[in-house]
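Below is one structure, written out as structure tokens, with a few remarks after it.
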Amino acid sequence: RSWKALLIMTKPRIALFLGILCISIFPVIVRMNLTSGLISAFYRMAIATAILLPIAIYKDKVRLENIKMLFPVAVCGILFASDIAVWNISIQNSSATQATLLTNLSPIWVGVFSFIFLSYRPKKSFWLGTLIALMGMIVFVGIETILEFKLDFAFFLGILSGLLYAIYILVSKNVLAKMNIVTFMLYSMIFSTVFLFFINVFFHESFVGFSEKAWISLFVQGIVCQLIAWLLISYATQKMRATRVSLSLLSQAIFATILAAIFVNEKITNVQMIGSVIILAGIATTFYEKKTVPKSL
């Protein structure tokens, strides 16, 4: 029984780790500047949707058991797409470092919203872990960089991105408790794709004319960064506390840095290594449990 309990606890955590590893490739690809941030977000969703649709049809996962679930799923899709769009616009008007750090304030918003709207009181280990992890993020990006932040439009877009991300995690957690993961992913990505299509039209982005290398990058984003990554993260979200999932997503900054060192020859500094250790220590703190049988992972 103890082995079965350990397996039940471990599977969503492994899925979350692998999912975070997959989405960590996305910033590395964006840094290559093969396409604009907004158009890459659109194709990321469109390609993933096009691949998942025949799979969902084959697995008989297209039919919604309750048509009323279509609205919250649409909300999830638009929230996710809005987060990507806002985050990319923030990067275009400031820096990737500022936008990433502000977006990564989402664990705080998840904790606050859980307490206010869901009557869920996050454990002390969550708040302690969040504090440690955010201190790690500050060390990771550098205090000098933070002091250069400007309270401009891009700054508030970064904050908005974190808010949207937090709301998405909480809403999707609630929706995933009532429906199949594949069905949820399919419909939410359809709504994301349509939404991002109109966003790109509004900003006069070109949908064609990319290099072969750019198209390869778009397919990697769609298959790895979206389809595989978010199937895994959605599974983890379904099985784990939303607060833990949101804080664990901070580790993507670490993986992104490692992947950037491998693929685009960016150097990892000693300060980044120290910051990474602190971030991981903060995340690990939230997984601390007293020696009692947990009701949820």
Taking side chain as C-beta onward, heavy atoms only, is Ser234 less than 4.5 Å from Leu176?
yes
So does Ile39 get a backbone contact from the side chain of Glu205, meaning a donor-acceptor N/O pair under 3.5 Å?
no
Would a 4.5 Å heavy-atom cut-off, applied to side chains only, mark Leu218 and Arg44 as touching?
no
Between OG1 on residue Thr130 and CD1 on residue Ile132, distance to nearest 0.5 Å
9.5 Å
Tell me whether the count of non-hydrogen atoms from other residues, nucleotides or ligands lying under 6.0 Å of CZ in Phe210 goes above 12.
yes
Asn200 side chain to Leu196 main-chain N or O, any donor-acceptor pair under 3.5 Å?
yes
Taking C-beta and beyond as the side chain, do Phe195 and Phe80 meet within less than 4.5 Å on heavy atoms?
no
Phe207: what forms a ring-ring contact (aromatic ring centres under 6.0 Å, His included) with it, not counting sequence neighbours?
Phe42, Phe197
N/O donor-acceptor pair under 3.5 Å between Ser192 side chain and Gly77 backbone:
yes
Atom of Leu232, atom of Gly19 and distance for their closest heavy-atom approach
CD1-N, 3.7 Å
Could you give the distance from CD1 (Ile278) to CG (Leu134), rounded to the nearest 0.5 Å?
11.5 Å
Rounded to the nearest 0.5 Å, what's the gap from OG on Ser82 to CD1 on Ile199? Could you check?
7.0 Å
Which pair of heavy atoms, one from Ile23 and one from Ala229, lies closest together, and at what distance?
CG2-CB, 3.2 Å
For Ile258, side chain to side chain contact (heavy atoms under 4.5 Å, CB included) partners two or more places apart
Ile254, Ile262, Ile268
How long is the straight-line distance from CD1 of Ile78 back to CZ of Phe191, given to the nearest 0.5 Å?
7.0 Å
Shared ILVMFWY cluster between Val277 and Val271, side chains joined below 4.5 angstrom?
no
Using modelled atom types and a 3.5 Å cut-off, is there a donor and acceptor pairing between side-chain atoms of Ser188 and backbone atoms of Met185?
yes
Should side-chain heavy atoms under 4.5 Å link Ile, Leu, Val, Met, Phe, Trp and Tyr, which residues sit in the same cluster as Met135?
Leu131
How would you list, by chain and number, every residue that makes a side chain to side chain contact (heavy atoms under 4.5 Å, CB included) with Phe198, sequence neighbours excluded?
Val194
I need the minimum non-hydrogen distance between Ala236 and Leu16, along with the two atoms involved.
CB-CB, 3.7 Å
CD1/Ile84 to OH/Tyr165 distance, rounded to the nearest 0.5 angstrom?
9.0 Å
Would you find a donor on one side and an acceptor on the other, under 3.5 Å apart, between the side chain of Lys173 and the backbone of Met240?
yes
With sequence neighbours left out, what residues match Ser24 under side-chain hydrogen bond (donor to acceptor under 3.5 Å, both in side chains)?
none
What is the distance from atom CG of Leu79 to atom CG of Leu170, rounded to the nearest 0.5 Å?
10.5 Å
Mind checking what makes side chain to side chain contact (heavy atoms under 4.5 Å, CB included) contact with Asn270, not counting sequence neighbours?
Met273
Name each donor-acceptor pair under 3.5 Å that joins a side chain in residues 48-62 to protein atoms two or more places apart or in another chain, with its distance.
| unit_1 | atom_1 | unit_2 | atom_2 | d |
| --- | --- | --- | --- | --- |
| Thr49 | OG1 | Met45 | O | 2.7 |
| Thr49 | OG1 | Thr193 | OG1 | 3.3 |

Side chains of Thr237 and Tyr168, heavy atoms from C-beta outward: is any pair under 4.5 Å?
no
Exercise: identify the closest heavy-atom pair between Gly222 and Gln226
O-CB, 3.4 Å
Under the side-chain hydrogen bond (donor to acceptor under 3.5 Å, both in side chains) test, which residues partner Ser40, sequence neighbours left out?
none
Student check: side-chain heavy atoms of Ile190 and Leu186 closer than 4.5 Å:
yes
Which pairs pass side chain to side chain donor-acceptor pair (under 3.5 Å) with one or both residues in residues 177-186, sequence neighbours excluded?
none
Do the side chains of Phe184 and Met189 get nearer than 4.5 Å, heavy atoms only?
no
For Val224, what residues pass the side chain to side chain contact (heavy atoms under 4.5 Å, CB included) criterion, not counting sequence neighbours?
Cys22, Ile25, Val220
Give every residue pair that meets the side chain to side chain donor-acceptor pair (under 3.5 Å) criterion with at least one member in residues 211-221, sequence neighbours excluded.
none
